[in-house]
Structures are given as C-alpha cells and as structure tokens.
Amino acid sequence: MRTLPRSFYTRNTLIVAKELLGKILVRKIGKSQLAGIIVETEAYLHNDPASHSYRGITERTKVMFGNGGHLYVYFTYGMHHCANIVTQKEGRGEAVLLRAVEPIDGIDVMMKNRSGRNEINNDRHLSDTGHLKNLTNGPAKLAQSFGLSRNESGTDLLENKIYLTEGIAVPKSQIISTTRIGINVATEKKWRFYIKGNVCVSKP
DNA sequence: TCCACGATCGGCT
DNA sequence: GCCGATCGTGGAG
C-alpha cells in the first residue's frame with residue numbers, strides 16, 4: 001500500500017489529526033512487520049500551553065520543530081514513552097499524539113514487547129468479545145508494543161522503517177471530537193479524536 | 001546545580 | 001476508584 005506523502009503531514013494539525021484516523025502505522029523490524037489501524041489521536045498546536053513546544057525549542061522538543069512527517073517520541077512518568085507525528089512545515093512546532101491503534105499485523109511481536117510472553121491467545125489482551133484490547137489502547141502501550149523509544153525520535157516517516165499508509169475510510173459521522181487527556185491546561189480544547197465504537201480506543 | 005512534575009499504566013481495594 | 005512507580009526534562013536559583 002502507498003506510503004503517505006510529505007504533503008499529507010505539512011498541513012493544518014487539526015485536519016491531520018482527524019485524517020490520521022483509519023490510516024495504518026507500519027514498522028519493520030528485521031523479518032517482522034508490525035501494523036495497526038490508528039483509531040485515536042490528539043492534536044498539540046504551537047500556541048497551545050499543553051504542548052511540549054509551547055516554551056520554544058529545547059533539546060528534547062527540537063524534533064517537533066522539524067518538518068512534518070517525522071516521528072517525535074518522548075519519555076514520561078519515569079517509565080513510559082509516547083509517540084507523536086510531527087505536522088506542519090519546519091519551525092512550527094506542532095504534532096499529533098498517537099493514543100491508540102487496532103493491531104492488524106505482528107501481534108505476536110507486540111505481545112512479546114508488552115509482556116515478554118509470546119502467546120497469541122493471551123487472555124490479558126482480549127476483551128470479553130474476543131477482540132485485542134490491552135495491547136495498544138493507550139499512548140504508552142502502543143509505543144511499547146511497537147518498540148518505540150527515544151532512539152526512534154526523529155525518524156523520517158518517508159523512509160521505509162516506520163511509515164504510514166492509506167488504510168480504511170472513516171466517515172465523518174464516525175469521528176468523535178472531545179477533550180484531551182492527562183493535561184492541566186487548555187483543557188477546553190476538543191482536540192482528541194477517535195473512531196466511534198472501536199474496541200481499541202482508550203477508556204476515558 | 002537542584003527539584004517539582006508529567007500528553008500514563010497496572011495493580012490493588 | 002485510587003495510588004504508587006520512577007526518572008528525564010526544563011525552569012528556577
């Protein structure tokens with residue numbers, strides 16, 4: 001499937017955040033391929049007090065100020081990583097946090113990354129309807145499943161290691177827009193987007 | 001230098 | 001529903 005072009009990313013961040021829903025995140029590691037349909041995102045803008053870029057360029061956030069179409073991974077809470085897609089043109093400092101994906105390929109590797117075990121039918125990762133749930137339904141979980149850490153921060157999504165492709169069409173009526181999670185400022189902005197009814201969306 | 005805190009998760013009650 | 005884990009980051013001093 002076709003890799004999304006640079007021009008997909010270098011646009012209005014709120015539009016990109018919505019259009020990322022339904023796209024497929026792919027990572028190649030050795031012989032394995034990990035893939036998941038993006039089902040939940042959050043936008044972080046340049047004049048947004050909740051954004052890491054709000055106070056300007058730092059060593060950590062310089063990737064956010066690079067050109068759109070790069071990966072920005074940061075470390076938080078002393079034990080978690082979160083993955084973002086940089087948007088807009090160079091110098092802007094905007095990104096979209098990937099909050100949840102629905103696993104479609106490399107599920108055994110994801111389970112291994114998450115739990116150290118390699119069991120396809122590990123109940124821990126199944127919902128009561130038998131769907132995968134605890135694997136990638138949260139920003140730190142998805143980063144862990146895909147093995148993303150600060151080593152991957154700055155990766156160009158137009159190279160063939162980590163990239164996005166066209167996935168499923170998501171009708172506008174299926175996109176829910178609501179407030180972001182885990183922040184104490186700009187809490188009124190409805191910049192979290194998810195696909196209505198998807199089992200892999202994070203809880204709140 | 002130092003220190004308060006975070007775009008969270010999982011386990012326990 | 002609540003709480004502890006755990007440390008990089010960046011603003012203050």
Polar side-chain atom of [X] near backbone of [Y] as donor-acceptor pair, under 3.5 Å:
X      : Y      : result
A:E102 : A:N198 : no
A:S153 : A:V73  : yes
A:R27  : A:G147 : yes
A:T61  : A:M64  : no
A:T13  : A:L45  : no

Check side-chain contact (heavy atoms from CB on, under 4.5 Å) between A:R92 and all other residues, then give those that pass, not counting sequence neighbours.
->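 Result, side-chain contact (heavy atoms from CB on, under 4.5 Å) vs A:R92: A:H46, A:Q88, A:E94.
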Nucleotide pairing, DNA chain B (Watson-Crick or G-U, distances under 3.5 Å), in dot-bracket with [ ] and | = ||||||.|||||.
Could you give the [atom1]-to-[atom2] distance, from [X] to [N], as a whole number of Å?
X      : N     : atom1 : atom2 : result
A:R99  : B:dC9 : CZ    : C1'   : 12 Å
A:Y74  : B:dC5 : OH    : P     : 18 Å
A:L98  : B:dA7 : CG    : C1'   : 12 Å
A:Y77  : B:dC9 : OH    : C1'   : 10 Å
A:R180 : B:dT8 : CZ    : P     : 11 Å
A:R114 : B:dT8 : CZ    : C1'   : 11 Å
A:R192 : B:dT8 : CZ    : C1'   : 14 Å

Could A:R6 and A:Y9 be counted as a cation-pi pair, given that NZ or CZ must be under 6.0 Å from the ring centre and within 45° of the axis?
->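 No, A:R6 does not lie over the aromatic ring of A:Y9.
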Going 5' to 3' on DNA chain C, which nucleotide is the first and which the last to come under 4.0 Å of a heavy atom in chain A?
->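 Range of nucleotides touched by chain A: C:dA5 to C:dG11.
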Heavy atom of residues 138-150 of chain A under 4.0 Å from DNA chain B: which residues?
-> A:G138, A:P139, A:A140, A:K141
Could you list the residues that satisfy salt bridge (Lys or Arg N to Asp or Glu O under 4.0 Å) with A:E159, not counting sequence neighbours?
->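 For A:E159, no residue satisfies salt bridge (Lys or Arg N to Asp or Glu O under 4.0 Å) once neighbours in sequence are set aside.
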Side chains of A:V201 and A:N137: closer than 4.5 Å at any heavy-atom pair?
->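 No, side chains not in contact.
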Under 4.0 Å: is that the gap between some side-chain N or O of A:N184 and OP1 or OP2 of B:dG6?
-> yes
Taking only the side-chain nitrogens and oxygens of A:H52, find out if one of them lies under 4.0 Å from OP1 or OP2 of B:dA7.
->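 So the side-chain polar atoms of A:H52 do come within 4.0 Å of the phosphate oxygens OP1 or OP2 of B:dA7, strictly under.
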What residues 53-65 of chain A contributes to the DNA chain C interface at heavy-atom separation below 4.0 Å is A:R55, A:T58, A:R60, A:T61
Sugar-phosphate only, base, or nothing, as touched by A:I183 at under 4.0 Å among non-hydrogen atoms | sugar-phosphate
Step-by-step salt bridge (Lys or Arg N to Asp or Glu O under 4.0 Å) determination, A:R99 to A:E42 = CA-CA 7 Å; A:R99 285 197 56 89; A:E42 274 180 12; 3.5 Å; yes
